[in-house]
Amino acid sequence: DYKVTGVQTCALPIYIVLFIIIFLISNTSWAQETTELPALKSIDKIADNSLLYKSANEDWGFENQELGNWQALVDLQFDVSTVGEVSDERSYTGNYSVKIQSGNDAKVGAFINDNAEIAVFDTLSAHIFIDTINLEEIEMVQIFFLHGPSWDFISQDYASSNLAADSWNELMLVAPEGIGNTQRIGLQFVGKNSAESSIMYIDDISIREYVP
């Protein structure tokens, strides 16, 4: 009886030791696995809780001196006639911008791109420059896009009284919910008199994707 009792009393510490060894091995394996996981990316905090954006396209700054997919629109059915070219007369950044001018046969000038896509909550933005003399001849400037099979028109309108003459103004338009495929994006200005030609400079157009 004493030997059996002795074996039983000695067996308990052995199981405890085995349990501790197994625990240490599993704990070490777990620690190695977690340290191999990639670190979480830091999140920038915005003090005013504004929306975060990232560029959804290369900004159109026209530094290559080409219009690319952009063009000056001539559509006399809608009283639009425009002449446009890359110019080094003014620039918001870099050395170049686009100089557009309304034609002699219409009071509306428009600069458009039919090869861009805007998603919900994206921000279309552009910088424009209008001198004092030309601003006096303009009623408003619109940054806009057309979407869906019916080419529905969505715009943000800036009255000339809300634009600063002889300086660069940023125009912005946030795409609302429910929009369809983008047909066209652009900017246009409406003159007060079709007999007067108005000039506007455009630079650094961009589409910024909404990131919640």
Side-chain angles (χ1 to χ4, degrees), residues 53 55 57-116 118 122-146 151-175 182-208:
Y53 291 90
S55 178
N57 66 282
E58 293 184 5
D59 290 350
W60 289 295
F62 308 103
E63 291 304 297
N64 59 2
Q65 303 180 52
E66 296 179 358
L67 294 179
N69 290 323
W70 290 90
Q71 61 179 306
L73 179 63
V74 176
D75 191 338
L76 297 181
Q77 177 184 356
F78 293 97
D79 198 27
V80 181
S81 178
T82 323
V83 177
E85 62 180 358
V86 177
S87 170
D88 62 357
E89 295 176 10
R90 302 187 186 280
S91 64
Y92 179 71
T93 59
N95 299 309
Y96 299 95
S97 66
V98 173
K99 178 182 179 180
I100 66 170
Q101 178 176 339
S102 59
N104 296 327
D105 44 8
K107 66 178 183 178
V108 179
F111 190 54
I112 63 167
N113 186 332
D114 291 344
N115 293 276
I118 294 182
D122 283 356
T123 297
L124 174 63
S125 69
H127 293 81
I128 65 167
F129 184 102
I130 307 174
D131 61 30
T132 301
I133 295 176
N134 283 278
L135 192 58
E136 291 175 353
E137 300 297 331
I138 293 177
E139 290 183 356
M140 68 174 174
V141 179
Q142 297 174 305
I143 184 168
F144 69 89
F145 69 90
L146 302 169
W151 288 55
D152 296 325
F153 184 85
I154 294 180
S155 71
Q156 182 66 53
D157 302 340
Y158 292 80
S160 57
S161 58
N162 293 326
L163 297 172
D166 299 310
S167 62
W168 287 94
N169 298 264
E170 184 178 16
L171 311 186
M172 301 177 65
L173 170 62
V174 178
T182 308
Q183 305 290 355
R184 172 176 294 171
I185 67 173
L187 296 99
Q188 68 181 20
F189 60 85
V190 181
K192 295 178 181 178
N193 187 348
S194 60
E196 299 292 336
S197 295
S198 300
I199 297 174
M200 178 171 69
Y201 295 86
I202 304 172
D203 201 5
D204 288 356
I205 306 171
S206 69
I207 298 173
R208 286 175 284 175

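If you're wondering where the values come from, they're calculated on a predicted model, not measured in any experiment. Here, residue 1 is the first one in the sequence, and each next residue gets the next number. Heavy-atom basis, side chains included; hydrogens, waters and symmetry copies ignored.
- Between W60 atom CH2 and I185 atom CD1 the span is 4.0 Å, to the nearest 0.5 Å.
- A distance of 10.5 Å separates CG of L135 from CZ of F129, quoted to the nearest 0.5 Å.
- Summarising the geometry, atom CD belonging to Q183 is positioned 12.0 Å from atom CD1 belonging to I112; distances are rounded to the nearest 0.5 Å.
- Looking at N115, its side chain never comes within 3.5 Å of a backbone N or O of N113 through a donor-acceptor pair.
- Scanning both residues, F189 and Q101, for their nearest heavy atoms gives CZ-C, 4.2 Å.
- Checked by atom type and distance alone, the side chain of N134 pairs as donor or acceptor with a backbone atom of I199 at under 3.5 Å.
- Counting all heavy atoms, side chain and backbone alike, V174 lies closest to T123 at CG2-OG1, 3.6 Å.
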Verdict with supporting geometry, N95 and D88, side-chain contact (heavy atoms from CB on, under 4.5 Å): CA-CA 6 Å; N95 299 309; D88 62 357; 5.6 Å; no
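- Inter-residue side-chain proximity for L163 and I138 is flagged as unmet; no heavy-atom pair is nearer than 4.5 Å.
- Nearest heavy-atom pair across T82 and A110 is OG1-N, 2.8 Å.
- Here CD1 of I202 is found 12.0 Å from OG of S87. Values are rounded to the nearest 0.5 Å.
- Between T182 and I118, the shortest heavy-atom distance links the atoms OG1-N, 2.8 Å.
- The structure places CD1 of I143 at 9.0 Å from CD of Q156, a figure rounded to the nearest 0.5 Å.
- The shortest heavy-atom contact between M140 and A159 is CB-CA, 4.0 Å.
- Sorted by first and then second residue, the side chain to side chain donor-acceptor pair (under 3.5 Å) pairs involving residues 63-81 (not counting sequence neighbours) are Q65-Y96, S81-D105.
- Remark: M172 CE to Y158 OH distance equals 7.0 Å, nearest 0.5 Å.
- With a 6.0 Å radius and a threshold of 12 heavy atoms from other residues, nucleotides or ligands, D114 has its CG atom above the threshold.
- A donor atom on one side chain and an acceptor atom on the other are not found under 3.5 Å apart for D203 and S91.
- Side-chain contact between F62 and I205: present, with at least one pair of heavy atoms (C-beta onward) separated by less than 4.5 Å.
- With hydrogens and angles left out, the side-chain atoms of S102 and S198 include no donor and acceptor closer than 3.5 Å.
- Residues F78 and Q188 have side chains not in contact (no heavy-atom distance under 4.5 Å, counting atoms from C-beta outward).
- S160 has its side chain out of reach of V141: every pair of non-hydrogen atoms, C-beta onward, lies at least 4.5 Å apart.
- S97 and W168 make their closest contact through CB-CH2, 4.2 Å (heavy atoms, listed as atom of the first residue, atom of the second, distance).
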